[in-house]
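Note that the numbering runs from 1 along the sequence shown for the chain. Read the numbers this way: they start at 1 and go in the same order the structure lists the ligands and their atoms.
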Amino acid sequence: MNVNALMDMTYGMYVIGTKNDDKNVGCFVNTVTQITAENPIISVSINKKSFTNETIKKNKKFSVSILSEKTDSKVIGTFGFTSSRDNNKYENVIYRMIDEVPVLSEEICGYAICELIDVVDAETHDIFLARVIDAEKTSNNEPMTYSYYHKVIKGSAPKEAPTYVEEKEEENVMEEKNQYKCKICGYIHDENKSSTKFDELPDDWKCPICGRPKSDFEKI
Ligand code: FE
């Protein structure tokens, strides 16, 4: 079986937001699908280890922020590569509360507010079925697809994402060497394509995807 065949399935990019007591909780997903047309129901698959998963089961309400090509890649880094269990992800982003759940204001296309109907067990993940109770388009930006994120922003899937495929070292060595890979999110600083050598990047330079320092990069 060649799981790479599944890479040609298309996905959008979303941040799911919910609330645990007084704390806003959220995660990045690429698995939101509209299931029915009238009085719409959507589904979203979220890893069972995710704090957002536990929190949706308690709160029974969540938001879907639809990311656009203009959404800052730090949003994906913050929501895809850190856990809400020990971080306040909303500290570093612009958001507003709608219907008591957090919705991003970071150049998104729009949002939906959803109420949980059912949870379907899917081994490592749960599929949440939810009714859309409110939705608004907030810009005419192009929606960000997973393919755009992968090809243009050069990001990889978080390890807990349903679409995560472990990349083989040799597949990462695209041209010659002089590539430095973020150990957290997989972003590659490629000296063949950048005007700045890795060693010449300032000491306070951070990974454009997940915000980690240079020390979290390794030469590949
Ligand atoms: Fe990174």
message: Counting only heavy atoms not in K137 (residues, nucleotides, ligands), do more than 12 fall under 6.0 Å from its NZ?
response: yes
message: Please enumerate all residues that pass side-chain contact (heavy atoms from CB on, under 4.5 Å) together with T78, with sequence neighbours excluded.
response: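 Testing T78 for side-chain contact (heavy atoms from CB on, under 4.5 Å), a comparison that skips the adjacent residues, returns K89.
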- prompt: With sequence neighbours left out, what residues match E142 under side-chain contact (heavy atoms from CB on, under 4.5 Å)?
  reply: E69
message: Please confirm whether the ring centroid of F79 lies under 6.0 Å from the ring centroid of Y90.
response: yes
Ion pair check, K219 and E191, cut-off under 4.0 Å: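 Salt bridge: no.
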Every N, O or S from the protein that is nearer than 2.8 Å to the Fe ion (ligand 1):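 Only C182 SG, C185 SG, C207 SG, C210 SG fall inside 2.8 Å of the Fe ion (ligand 1).
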- request: Not counting sequence neighbours, which residues clear ring-ring contact (aromatic ring centres under 6.0 Å, His included) with F217? List them please.
  value: F198, W205
